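In what follows, a structure is listed as structure tokens, so that the remarks can point back to it.
In what follows, chains carry the letters A, B, and so on, assigned in the order in which the sequence lines appear, proteins first and then strands, with residues in each chain numbered from 1. On a predicted model such as this, the values are computed, not experimentally measured, just so you know.
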2 protein chains.
Amino acid sequence: MATLKDVAELAGVSVKTVSNVVNGYSFVKPENERKVREALAATGYKPNVGARNLRRGRTGFIALMVPELSIPYFGELAGGVITAAHAHDWSVLIEQTHGLRDPEAATLASLGPHMVDGAIISPEALHTQDFTRNPTDVPMVLLGEHSLDVPIDHVGIDNVQAARIAVRHLIDLGRTRIAVVGQNPSRGTATQRLAGYHSALADAGLPAPPPGYIAPAAHYHHRDGAEAMARLLALPEPPDAVFCFNDMLAHGAVRAAAERGCNVPRDIAVVGFDNTEHSKYSLPSLTTIAPDKAALAKAAVELVHQRANGDVSAVRDVQIPFTLQVRESTSG
Amino acid sequence: MATLKDVAELAGVSVKTVSNVVNGYSFVKPENERKVREALAATGYKPNVGARNLRRGRTGFIALMVPELSIPYFGELAGGVITAAHAHDWSVLIEQTHGLRDPEAATLASLGPHMVDGAIISPEALHTQDFTRNPTDVPMVLLGEHSLDVPIDHVGIDNVQAARIAVRHLIDLGRTRIAVVGQNPSRGTATQRLAGYHSALADAGLPAPPPGYIAPAAHYHHRDGAEAMARLLALPEPPDAVFCFNDMLAHGAVRAAAERGCNVPRDIAVVGFDNTEHSKYSLPSLTTIAPDKAALAKAAVELVHQRANGDVSAVRDVQIPFTLQVRESTSG
DNA sequence: CTGAAAGCGCTAACAG
DNA sequence: CTGTTAGCGCTTTCAG
């Protein structure tokens, strides 16, 4: 592979001059520029990014830590992050944690300051001390909700309020036996959505739900939603509405209901969370909380970018808007 | 940030010794090792990956180029690649191209040899000359089908055969008016699946389909499938079965059919391609070609790994197994 | 077993 | 406007 020096020799100038034209710096004598460009083309020179970064003290990468790319919500989010990062000449390095604490902590620890210029993380099981034990000076932003008490920038939506609106919608439909699917004490998002649920119930003067109505889910895949729905329908008094903590749970729940001859929305209304692409086209289409994912991704990238450029102002908490998309799964 | 030198000074030894214990090399005098470890802990030393790689001539990254992470198939695939890459201490850098030639070519050109140790690419619109114009010595493997005549390792499934099996299944069901959705001359996969379709029809002695039965799709999202199905159903003689070139097209098509009072599978049977997680839980669940995605990802990573380690044997073409998952969308 | 010193490819002072 | 030179932090001969 050709180096700067090779090009310089071939062009009969110094490396500095070559470096100058490569980087578009200062003014280079036209004739030299021409010679350099020829040499550049002749050698097929490509800068060694590693060496350049070592010198400049930046790496050109940011890390994105998510539970699983196979969850459409995170796939969509990751796509948005990659797009937003490009605006700052960043490439995105993606790590998966499966929402487990150990991989999350390990990823955090591996974020050497010379590996990435910043990181966007969506932890699900991380504890506060995982941060303090391994302090790093890589600018980080938390994407999505969390129950961590750490001085780190955060961008997300108001989960409590979103859950309240979702449940309120169900109440407005006249449903009174409302269950949730996705309870998981180790997930910050779940805790907040559960709080919103309780608050909506209380606001409407509805009685506290029986314990069986708070259905847990270890993971947030279709299968978990289906299993939860099966348990819900086996209850002595099954719910007439279910608020699922993500769309996959909801789709799994809808199918489980259908398999048991239970019509959605007539017998049971279902609301999801995330508004993944599929939810607009499923049968029935899914009513769901729709966060502005592109805005979420963009805000996160902008925040790390500011921090990476030396912004040391107070910790920020950015709230991104969301809407409730009403569709067939609650239209009856 | 602490450097090797800092640690060495604190421990009262040379950088070599510190480097040795950090890398687990050779035998270090126990006492020195102890001192070094203490200094390591005290300073919170983390190696500068950039510098190390500059020296070692490897970067620790591989690039993965896909159309869109928001397409569940690629989300699942990318997840598999990240997992497989970890086994070789690689982090994965993901680039999106939206299936467009310019971003694809640009990504290819940016693959400086010092940026990544290898690349796994799923091009959709790239031309042969985009490769030859920008030769790079980064080991690459093509993931998925393509119609490129380039000497590059390839891993994929037998698309022609898969399509043939899918269509054959429809024929076995007694369907005779079989359409396809997803035709797109610039996509290698589409061309191959179309060939399989024609071949299955011919094998069964069925007449060549009317031109309207080959429904094009610019993109492979739900919306495109829905639009194609709408057109198909408006035909004077609508099909009684549709083979869609991916699951999202299929789900979009199913919904469009339902919206027009057309029952799947009774009035029209639908087969998809990719077996994304959703297809097992949709209503109706979707019959689809199921490639072994984990194997696909793993084979691709292994291949770049071998090449990155100097394997210069002949260009390989790895075929990964697939199955036909028969579900409700064709069970009638 | 360990220290000194060279140098990976590049950029940024600093002189000219 | 351009050449020289000193490192960025690390690994690695090469001597001890």
Side-chain angles (χ1 to χ4, degrees), chain A residues 1-37 39-40 43-61 89 110-117 136-138, chain B residues 1-37 39-40 43-61 89 110-117 136-138:
Chain A
M1 203 59 199
T3 75
L4 258 198
K5 197 159 147 246
D6 298 334
V7 179
E9 275 168 15
L10 203 136
V13 298
S14 81
V15 286
K16 176 61 169 36
T17 307
V18 181
S19 176
N20 278 348
V21 356
V22 168
N23 294 291
Y25 282 164
S26 56
F27 292 49
V28 179
K29 199 200 287 178
E31 188 194 328
N32 277 338
E33 168 150 8
R34 188 187 48 72
K35 283 195 294 191
V36 171
R37 294 214 176 281
L40 244 22
T43 54
Y45 171 79
K46 288 198 188 173
N48 179 324
V49 186
R52 171 181 293 174
N53 290 338
L54 175 59
R55 195 57 240 245
R56 289 205 218 198
R58 87 183 291 260
T59 70
F61 301 119
D89 276 316
S110 79
L111 255 36
H114 306 284
M115 179 116 172
V116 293
D117 298 329
T136 160
D137 37 10
V138 176
Chain B
M1 203 58 199
T3 74
L4 258 199
K5 196 158 147 246
D6 298 333
V7 179
E9 276 168 14
L10 202 134
V13 298
S14 80
V15 287
K16 177 62 171 33
T17 307
V18 181
S19 176
N20 278 348
V21 356
V22 169
N23 293 292
Y25 282 163
S26 57
F27 292 49
V28 179
K29 199 199 290 178
E31 188 194 327
N32 277 340
E33 168 150 9
R34 189 187 47 73
K35 285 196 293 191
V36 171
R37 293 216 177 278
L40 243 25
T43 54
Y45 171 79
K46 289 199 188 172
N48 180 325
V49 186
R52 171 180 292 173
N53 291 336
L54 175 58
R55 197 56 239 250
R56 291 202 192 161
R58 84 179 302 253
T59 70
F61 302 117
D89 277 317
S110 79
L111 255 36
H114 306 283
M115 179 116 173
V116 293
D117 298 329
T136 162
D137 35 13
V138 175

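Rounded to a whole Å, the CG atom of B/D6 is 13 Å from the C1' atom of D/dC10. Computed from coordinates, the B/R58 CZ to D/dT12 P distance equals 12 Å when rounded to whole Å. Summarising the geometry, the separation between CG on A/N20 and P on C/dA12 is reported as 10 Å, rounded to the nearest angstrom. Separating the OH atom of A/Y45 from the C1' atom of C/dC10 is a distance of 7 Å, rounded to the nearest angstrom. Taking atom CG on A/N53 and atom P on C/dA12, their separation rounds to 11 Å, with Å as the unit. When rounded to the nearest whole Å, the span between CG of A/L4 and P of C/dG9 equals 10 Å.
B/Y45 pairs by the ring pair (Phe, Tyr, Trp, His ring centres under 6.0 Å) definition with nothing, not counting sequence neighbours. Remark: B/R55 engages no residue in a salt bridge (charged side-chain N to carboxylate O under 4.0 Å, His left out) (not counting sequence neighbours). Remark: B/N48 engages A/H114 in a side chain to side chain donor-acceptor pair (under 3.5 Å) (not counting sequence neighbours). For A/E9, the side chain to side chain donor-acceptor pair (under 3.5 Å) test picks out no residue, with sequence neighbours left out.
In this structure, CG in B/N20 is found 8.0 Å from OG in B/S14, a value given to the nearest 0.5 Å.
Over its length, the helix from C/dC1-D/dG16 to C/dG16-D/dC1 turns its helix axis by 40°, as judged from the five terminal pairs at each end, rounded to 10°.
Contacts of residues 29-37 of chain B with DNA chain C (heavy atom under 4.0 Å): B/K29, B/N32.
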- Message: I'd like to know whether A/V18 forms a side-chain contact (heavy atoms from CB on, under 4.5 Å) with A/L40, so could you lay out the CA-CA distance, the side-chain angles of the two residues, the decisive distance to 0.1 Å, and finally the verdict.
- Response: CA-CA 9 Å; A/V18 181; A/L40 244 22; 4.2 Å; yes
- Evaluate the side-chain contact (heavy atoms from CB on, under 4.5 Å) criterion for residues A/L10 and A/T43: first the C-alpha distance (whole Å), next the side-chain angles of each, then the deciding distance (0.1 Å), finally the verdict. CA-CA 9 Å; A/L10 203 136; A/T43 54; 4.1 Å; yes
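Of the residues listed (A/K29, A/R37, A/K35), the one engaging A/E33 in a salt bridge (Lys or Arg N to Asp or Glu O under 4.0 Å) is A/R37, and it is the only one.
Distances shorter than 4.0 Å separate none of the side-chain N or O atoms of B/T17 from OP1 or OP2 on C/dT2.
The shortest side-chain heavy-atom distance between B/V36 and B/V28 does not fall under the 4.5 Å cut-off.
Of all heavy-atom pairs spanning A/L4 and A/S19, the tightest one is CD1-CB, 4.0 Å. Minimum interatomic distance between A/F61 and B/M115 (heavy atoms only, all atoms of both residues): CE2-CE, 4.0 Å.
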Distances for protein N or O near nucleotides 4-8 of chain D N or O, under 3.5 Å:
from: D/dG7; atom 1: N2; to: A/R55; atom 2: NH1; distance (Å): 2.8
from: D/dG7; atom 1: N3; to: A/R55; atom 2: NH1; distance (Å): 3.3

